[in-house]
Amino acid sequence: MSSAGTLHGDAAARDPHIPPPTLDRPDDYLHAQSTLRSWFLTTDHKRIALLYLASITAFFVIGAVAAGFVRLALVVPDGAIMTNDTYNKAFTIHGVVMVWFFLIPSIPATFGNFLIPLMIGAKDLAFPKLNLTSWYVFMTGALFTLVAVVLGGVDTGWTFYAPLSTAFSNTWVLPALIGVTIVGFSSILTGLNFVVTIHTMRAPGMTWFRLPIFVWTHYATSLIFLLATPVITLALILLIAERAFHVGVFDPAYGGDPVLFQHLFWFYSHPAVYIMVLPGMGVISEIVPAFAQKKLFGYRFVAYAAIGLASVTFFVWGHHMFVNGQSDLASLAFSALSFAVAVPSAVKVYNWTATIHKGSLRLDTPMLYAMGYIGLFVLGGLTGLYLATLAINQHIHATYFVVAHFHYIMVGGTVLAFLGGLHFWWPKITGRMYSEPWGRISALFIFIGFNVTFFPQFILGYLGMPRRYATYPPEFQLLNVLSSAGSTILAAGYLFPMVYLVHSLWFGRRAPGNPWDAKGLEWETASPPPPHNFAGVPRVPKVPYDYPIQAQETGRQHT
Amino acid sequence: MKAESALALWPPAASAAAVETDHIILGFTVLTLLLTVPVFLAITYFALRYRQGEEADRSTDERRSVLIEISWMLIPYVLTLFFFGWGAKLFIASRHPPPDAMVVEAVGRQWMWKFQHPTGQSEINDLHLPIDQPVRIRITSQDVIHALYLPALRLQIAALPDRTTEIWFKADRTGTYRLYCSEYCGTDHSVMDGNLTLMTQAEYQDWLTHGHAQQSNVAAGRALYESYGCAGCHDGAVAGVKAPGLAGLYGRAVHLADGRTITADADYIRAKILNPNENRLAGGGKQVMPSFRGVIRPDDLDRLVGYLKATDRVAEGAQR
Amino acid sequence: MSAEFIGANPAEPVGVTRAGHFATDAQQRHAATFGMWAWLLTELLLFAGLFLTALILRLLHPEAVQAAAGHLKFWIGAANTVVLLCSSLTMSAAIELSRLGWQRMMVGCLLATASLGALFLMLKGYEYHADYEEQMMPFLARRPYALAEQPATRLFVNLYYVATALHALHLFTGIAILLGLTWKASRPGFLQRHQNWIEVYGLYWHFIDLIWIIAFPVLYVVNR
Amino acid sequence: MRTFLALLALLAVNVALGATRPFEQVWLVELGVVAVMAAIIVLVSMEVRREPPLVRLFAGVGFFWAAILFGMTLTDYLAR
């Protein structure tokens, strides 16, 4: 690695208000070395973040293509376009690939890896070699799943419910199960790295309540990684043993209970939904103050809400099983606790809105994505409460209402936050500015395409159309065609960023150290940052988000 | 099937409980709008009002932030809890059937439903029930997890293998509504639906006595023909299995291995299904067909034979 | 972090080489220990799921579980527990010696720990062999199963194999890592550079022992 | 050394209880003994009591979360 900072770099470190001049090319982490070995055997958290970015983008394309097949098949009610079996394999691949190979690693593994050391003023994560191992474990798991996809696909749905997945499905279930088990370890290693780094490697003066909310939410996400993933690893090990050696624990013929698998599965899978949501909230909590040039409203409440969410989410998994033969007592308990989970999310949404109040807004692309996020995430969250109400659940469980609900959270929430974050930190990651007009066009396309695709599905849901149906009664065709049409607009919206962002790598304007006048240690260093992140030891501001316009803060007077 | 307009925006409700569920949904929608519309309006208004460069009063005051935080955390929570209570009350009510309810046995198996009425009649995929009388459906599954979903009654319950779960309702409106399987159960999960026909008491008794006979056995037989796997071999779906085509078998002369030729009547087909090794075909290869004795119930066997009788006209059988 | 080094004749100074991105030694030691505990947290939850399955089986089929548990080799299990407790003792001894800087004695203790672990695996292998003879391996399709008339016993016995196999896998990798560590630890000047490895490895070994301490009663003793 | 002997003694108690099964609900006592042994190993052998509070927290959180998994799942199985 080249020396930490050149002469003029030190001058910048002494006087914080002059943004450090853009270091000349060879000094930043992208151009310090360019051999293949330096990329595939790197221990630099920034390069590992880019490795993850490349692999999850590839998997996003695979998942999106599978979604395209699903929407194509549903244009006609009688399944003339696609056989039932192909449709089942398409929606299973869409589920497995999107959940485990895109959504879960998307924000933590790319932005988390890249930004957490920068934001807390550290040189790297606590265990750099472990970080690289987590990428290779991710790719191994991905390999197994791709083998299952290539050989003939899986037709059990991403939930792999026994006894269908263990005894009655004769598709390539085993490689898919092994793939998902292995990719679970990649999440555990990433989570472990983050928890230890955030606890032990903060720069001097960086106390917990000076950390950006992005770091708080990733700390909460890492807790969920550590506490939830092992249980699904075991559930899948038991499923593999059940399918390969006929262990019988989930096989009703010997007295095993398939509902036990559902308990173990959902103990992980509901917190996994919060693994997808919390990093999105972190990104939005960085974008909104930056583009409103105003301090985040109620910083401490948002921080506590992140940790609160990470703990309460472990008490609610039963709301996926109200009608699956669960005892009435359990259903009552899980329903009541599910209502408590909605509170921390509501806190965050109202805090973002209050931050925008009396700010000085710049409606660039990241802010458009953030505002889209707030709107769609609120809708997604509250439709979740519909499903948590016992009587309503009996009507809309396993219908398109559920499909619409979780797409509003995952696509309307996490994907918009991912794209917003991608645009917000693109100058910091690549040292180039993306083209602003194209950014806004793609944000608009995605927002419109998303709503046209998924809002009709709410209506289909309470009309009673079950999910995972290859053929459906003709009276639902109109809304399904509308939804499929919307999905084409959404697909177009996704293609734009892939084009103009890559284009900006060579032709984009050079980005200064802090293009958005944002606060946070990652903006104090150059874009792209030097291999060891900071020229000298970074100076930690007294107050996080100390933007010129100070909002109400509990008893803290504003500068 | 009741022709609904292409854009019906609200499903028909056929029981008092269904109407009450609708009230919960509508009430909760009102609350959701109360909680979210202000957020949407606020964001768009603030985005325009406080844009960079717009001069606006951006002074801030300190006092109320903790109070605001607590209020917009607890007020929505308490409001939503009311709906939790209401929903729970209705849910518990739907789990405790009255003692005098009429019991219908339902069995789900891969890709068809079979309903057994208390008076003995059974039907495949379709269900005829009386209104104004509590009905209890006891459900189990013979293979994977299915779920009986009656949207018109706003009810669904899982069909678990080797376990009986139940649901009850008291319909109050006649008509034909949809019936689905709502737990993913494999390839033809979406074919496993049918019609729930609710009739007055008199019509139901009338249907029970003789209406049952006209029920199209061909569709039911076809469902059985597929579900028990006959289609797999006899329609040539499974490669490498030499099984005689069954289209037009009924009434045809059949040459047996021991030289006799007999006409394939209902008894012959029934005996062949129950015991395939008896009077083997002439020149037939290795006998691969499993015996269905004890597997197929007598009433299903009648339907299967009825279906085979009717296949002489249509080679593929009545495709629903 | 641990007690300061009081040694009658400190054989050599004991310390840790600091990786680039850590500011102080203590920070690196704390990060390593804390990192291992975070990993052990996930392992604990992995086995917690298994113990939950055992508990649910006990609730659903009490008599079948008791019948199946009757066939488990209670005394070999007890002996194995003693073996692992001894290995835990020798591991703690190795850690204390590494703090005092007595390298040769420490390497001896590490080898003792590894051999006790191997003894555990051998006893477990014998137990599996005895079960095979008694036709108590239901997951083998070809072999007839001894308690076939009670299908629910099959569940518990299979779960027993899954649980003990998973534990044995952890033990096996533990011994492999331990042998590599011992080979490195026997190099001169090891303790100046990597004394922390011994401490962190000790945590992992004690944890495997802890899992068996819980597994033995839950599988063997409680269901008798 | 003292911890080793304490663990051996507790193990002996459990084995004795297992072999003789003095009374019906003996599994309650046996699980209690296991809990004590686990606590000794975590606190003494793994020296958690001399670790900073953060490590102690993470040592305890694991057992607490396992309790959540057990507790909520039992609300289903015990009330079926």
Side-chain angles (χ1 to χ4, degrees), chain A residues 126 188 191-192 195-202 208 219 222-232 234-235 257-268 270-271 307 310-322 324-338, chain D residues 3-4 6-7 10-11 14-15 17-19 21 23-80:
Chain A
I188 290 178
L192 188 141
V195 163
V196 174
T197 306
I198 295 171
H199 267 295
T200 60
M201 298 186 61
R202 281 170 278 131
W208 275 90
Y219 181 72
S222 307
L223 284 182
I224 302 179
F225 274 142
L226 289 179
L227 292 166
T229 319
V231 176
I232 190 162
L234 176 87
D257 182 6
V259 178
L260 178 59
F261 170 75
Q262 291 175 21
H263 276 295
L264 291 173
F265 178 83
W266 288 112
F267 178 85
Y268 161 78
H270 186 80
I307 303 297
S311 24
V312 177
T313 178
F314 280 94
F315 291 86
V316 295
W317 80 79
H319 58 230
H320 297 275
M321 301 158 58
F322 286 152
N324 279 11
Q326 196 174 229
S327 76
D328 294 351
L329 171 70
S331 298
L332 281 172
F334 281 122
S335 175
L337 289 163
S338 298
Chain D
T3 51
F4 172 68
L7 288 171
L10 286 167
L11 176 67
N14 246 349
V15 166
L17 284 176
R21 294 198 61 72
F23 49 92
E24 186 41 42
Q25 294 306 6
V26 76
W27 58 273
L28 266 174
V29 176
E30 283 162 352
L31 289 187
V33 168
V34 165
V36 170
M37 287 170 79
I40 290 176
I41 289 183
V42 168
L43 294 178
V44 179
S45 308
M46 297 167 112
E47 294 162 355
V48 160
R49 55 187 164 81
R50 277 192 269 116
E51 294 281 356
L54 183 67
V55 174
R56 274 207 296 270
L57 172 75
F58 266 67
V61 153
F63 292 97
F64 179 70
W65 244 255
I68 297 174
L69 175 64
F70 277 66
M72 297 300 284
T73 314
L74 286 181
T75 61
D76 177 16
Y77 280 96
L78 294 183
R80 248 182 217 175

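Each chain gets a letter, A, B and so on, in the order the sequences are listed, and its residues count up from 1. Quick note: numbers below take in every heavy atom, side chains included, and nothing from hydrogens, waters or symmetry partners.
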Within this structure, what is the CG-CG distance for the pair A:Leu329 and D:Asp76, rounded to the nearest 0.5 Å?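 A:Leu329 CG to D:Asp76 CG: 9.0 Å, rounded to 0.5 Å.
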Spacing of A:His263 atom NE2 and D:Leu69 atom CG [to the nearest 0.5 Å]: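 Here the interatomic distance stands at 9.5 Å.
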Within-4.5 Å side-chain heavy-atom neighbours: D:Phe58 and A:Val195:
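Result yes, sub-4.5 Å side-chain heavy-atom pair found.
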D:Trp65 and side-chain contact (heavy atoms from CB on, under 4.5 Å): which single residue from A:Leu227, A:Val231, A:Leu226 fits?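 Answer to the side-chain contact (heavy atoms from CB on, under 4.5 Å) test with D:Trp65 among A:Leu227, A:Val231, A:Leu226: A:Leu227.
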Please flag which part of [X] lies under 4.5 Å from any non-hydrogen atom of chain D: side chain, backbone, both or neither.
{"X": "A:Phe314", "result": "both"}
{"X": "A:Val259", "result": "both"}
{"X": "A:Ser311", "result": "both"}

Q: Measure D:Leu54 against the heavy atoms of chain A and call it side chain, backbone, both or neither at under 4.5 Å.
A: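 Contact with chain A is through the side chain of D:Leu54 alone.
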| field | Pair A:Asp257 + D:Arg80: basic N to acidic O under 4.0 Å | value |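 Salt bridge present between A:Asp257 and D:Arg80.
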State whether the side chain of D:Tyr77 and the backbone N or O of A:Ser327 hold a donor-acceptor pair below 3.5 Å, judged by distance alone.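 No: the side chain of D:Tyr77 does not pair with the backbone of A:Ser327.
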Top contributor to chain D interface from A:Leu260, A:Leu223, A:Asp328 [non-hydrogen pairs under 4.5 Å] =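 Highest number of pairs under 4.5 Å: A:Leu260.
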Residue pair D:Ile68 / A:Phe267: nearest heavy atoms and the distance that separates them |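 Shortest heavy-atom contact: CG2-CE1, 4.5 Å.
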